[in-house]
Amino acid sequence: MPLTRRTLFRACGVAGAATVLPTAGAAAAPDDWLGWLRANRRHVALVLDDGRGGRVSHRPHEPQPLAAVRMVAHLAEYAKGSVDPDERVRVADWEQYYVGLDGGAHRAALRELGLRCTNGVTADDPQRFVTVGDLVSVVVRHGDYAAGDWLRGRLGVAVPAFAAEVVRFVLGRPVEVERYLGDPRLRLEVLGKLSDVPRTYEGRRPWARETWAGTAADVHRSCREAARGVMVGSLPGIVTVGVGVRWDDGRMGSAAVLTREVDEAWSARAGELAGLVRTALLEPAVLREFHVSLS
């Protein structure tokens, strides 16, 4: 993933020939993700370990919403080898977990696997087959929650299904995912009310705050076990990154970064945060910048 770091500048303005410095106590707006982390320490939890003795930890045991990074636990379980990656999965069995509100992740997954999607929502042919390996790939590359929920059931991971989180948002009450899948009338109720949920970023932030939470320490542990590269999670107000990479020299780099209360403009820059985190595992100077920003 390309890195888009920018040099930190001290903010100043120019009016005519006079330089206008910030007044005492005024804080400059963050210019990049390191600045955002520094200005929002209480909304950040992270663990970074470059595998050569460099480590940064900040609020590692404080629970925060995980967004798609919750599925790192599924990947860690899959890495144990208990399921054949060539096992076939009917598209309908995968898509029964698709409820929506995933930011286009499922549509991107269908496109990657070459599955036609005329309605822009689900596959044209639900009787086609993909493989378990395909579902793992779209979880990592696109954060497809429907694929993650299928894997959760197949692997027996003790993490609530994202579909149940969406159903709770739509109906205003908790519903077990197994009941949702097995009750056609309930599914019709959800379908009928889906258009009533808030559509804006700000309108969905209260719901996202209450979605499944975990700790940076636990996510970091799963990242090391899964070693599946870089994974980014994003829900309104939430941006998360999980990294588990093994470099050519055999060294294992791993990271879990959880942020909350992120506005829409910063959420659109989630890829920059992922690139910065990955680079911190490669370059000790960048890792030190994380340490300084959160000290």
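Remember, it's a predicted structure, so these values are computed and weren't measured experimentally.
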Salt bridge present between Glu272 and Arg269 (N-O < 4.0 angstrom): yes
Under 6.0 Å from the CZ atom of Arg209, do we count more than 12 heavy atoms belonging to anything else shown? yes
Check whether the ring centres of Trp94 and His106 lie less than 6.0 Å apart, and answer yes or no. yes
Tell me whether Thr215 contacts the main-chain N or O of Asp218 through its side chain, where contact means a donor paired with an acceptor under 3.5 Å. yes
If you draw the axis of the six-membered ring of Tyr180, does the NZ or CZ of Arg187 fall within 45° of it and under 6.0 Å from the ring centre? yes
Stepwise, does the salt bridge (Lys or Arg N to Asp or Glu O under 4.0 Å) test hold for Glu77 with Lys80? CA-CA 6 Å; Glu77 188 64 29; Lys80 296 177 181 178; 3.1 Å; yes
Between the CG atom in Leu37 and the CG atom in Leu294, the distance rounded to the nearest 0.5 Å is 5.5 Å
I'd like to know if Trp247 and Leu276 are part of one continuous hydrophobic network [Ile/Leu/Val/Met/Phe/Trp/Tyr, side-chain heavy atoms within less than 4.5 Å]. yes
Compare all side-chain heavy atoms of Leu110 with those of Glu95 and state whether any distance is below 4.5 angstrom. yes
dist Cys223:SG -> Arg228:CZ (nearest 0.5 Å) comes out at 12.5 Å
Distance-only, no hydrogens or angles: does the Asp149 side chain make a donor-acceptor pair with backbone N or O of Phe162 under 3.5 Å? yes
With distance as the sole test, does Tyr78 use its side chain to make a donor-acceptor pair with the main-chain N or O of Ala226 at under 3.5 Å? no
Any donor-acceptor N/O pair, Arg41 side chain to His58 backbone, under 3.5 Å: no
4.5 Å side-chain heavy-atom contact, Asp84 and Val132: no
Work out which heavy atom in Ala208 is nearest to a heavy atom in Leu235; give both atom names and the distance. CB-CB, 4.0 Å
Tell me, yes or no, whether the heavy-atom count around Arg88 atom CZ, taken from other residues, nucleotides or ligands under 6.0 Å, exceeds 12. no
Under 3.5 Å, is there a donor-acceptor pair between the side chain of Gln96 and the main chain of Asp93? yes
If two hydrophobic side chains count as joined below 4.5 Å and joins carry through other members, does Val177 share a cluster with Leu135? yes
Using 0.5 Å steps for rounding, measure from the CG atom of Leu194 to the CG atom of Leu101. 6.0 Å
Side chains of Val47 and Val56: does their closest heavy-atom pair fall under 4.5 Å? no
Could you go step by step and tell me if Leu281 and Val243 meet the side-chain contact (heavy atoms from CB on, under 4.5 Å) rule? CA-CA 9 Å; Leu281 302 180; Val243 182; 3.7 Å; yes
Quick one, Val241 and Leu46 - any side-chain contact, counting heavy atoms below 4.5 Å? no
One thing to verify: whether Asp249 and Arg251 come together as a salt bridge, which I'm taking to mean a side-chain N less than 4.0 angstrom from a carboxylate O. yes
Roughly how far apart are Arg278 CZ and Glu283 CD, rounded to 0.5 Å? 10.5 Å
Polar side-chain atom of Arg107 near backbone of Gly120 as donor-acceptor pair, under 3.5 Å: yes
Can Glu189 and Arg173 be counted as an ion pair, charged N to O under 4.0 angstrom? yes
Side-chain heavy-atom pair Arg221, Ser254 within 4.5 angstrom cut-off: no
Looking at Arg205 and Glu261, does any basic side-chain N land under 4.0 Å from a carboxylate oxygen? yes
Going by the rule salt bridge (charged side-chain N to carboxylate O under 4.0 Å, His left out), which residues pair with Glu87 if we only count those two or more places apart in sequence or in a different chain? Arg154
Are the side chain of Asp124 and the backbone of Thr118 linked by a donor-acceptor contact shorter than 3.5 Å? yes
Will you find, in the side chains of Ser137 and Asp134, an N or O donor that is under 3.5 Å from an N or O acceptor? no
Pair up each side-chain donor or acceptor in residues 63-72 with any protein partner under 3.5 Å, not counting sequence neighbours, and list the distances.
residue : atom : partner : partner atom : Å
Gln64   : OE1  : Arg59   : NH1          : 2.7
Gln64   : NE2  : His43   : O            : 3.3
Gln64   : NE2  : Leu258  : O            : 3.3
Arg70   : NH1  : Pro160  : O            : 2.8
Arg70   : NH2  : Glu165  : OE2          : 2.8

Check the hydrophobic clustering (I, L, V, M, F, W, Y; side-chain heavy atoms under 4.5 Å; chains of links allowed) and say if Leu282 and Leu48 are grouped together. yes
Can you confirm whether or not the ring centre of Trp150 sits under 6.0 Å from the ring centre of Tyr97? no
Are more than 12 heavy atoms, taken from residues, nucleotides or ligands other than Glu112, located less than 6.0 Å from that residue's CD atom? yes
Tell me whether Arg204 forms a cation-pi arrangement with Trp207, defined as NZ or CZ under 6.0 Å from the six-membered ring centre and within 45 degrees of its axis. no
May I ask you to decide if Gly229's main-chain N or O and Arg246's side chain share a donor-acceptor pair within less than 3.5 Å? no
Surrounding CZ of Arg116 (heavy atoms of other residues, nucleotides or ligands, distance under 6.0 Å), is the total greater than 12? no
Side chain Ser293, main chain Glu289, donor-acceptor under 3.5 Å: yes
Pair Asp183, Arg185 - check salt bridge (Lys or Arg N to Asp or Glu O under 4.0 Å), show working. CA-CA 6 Å; Asp183 186 339; Arg185 291 179 62 182; 5.7 Å; no
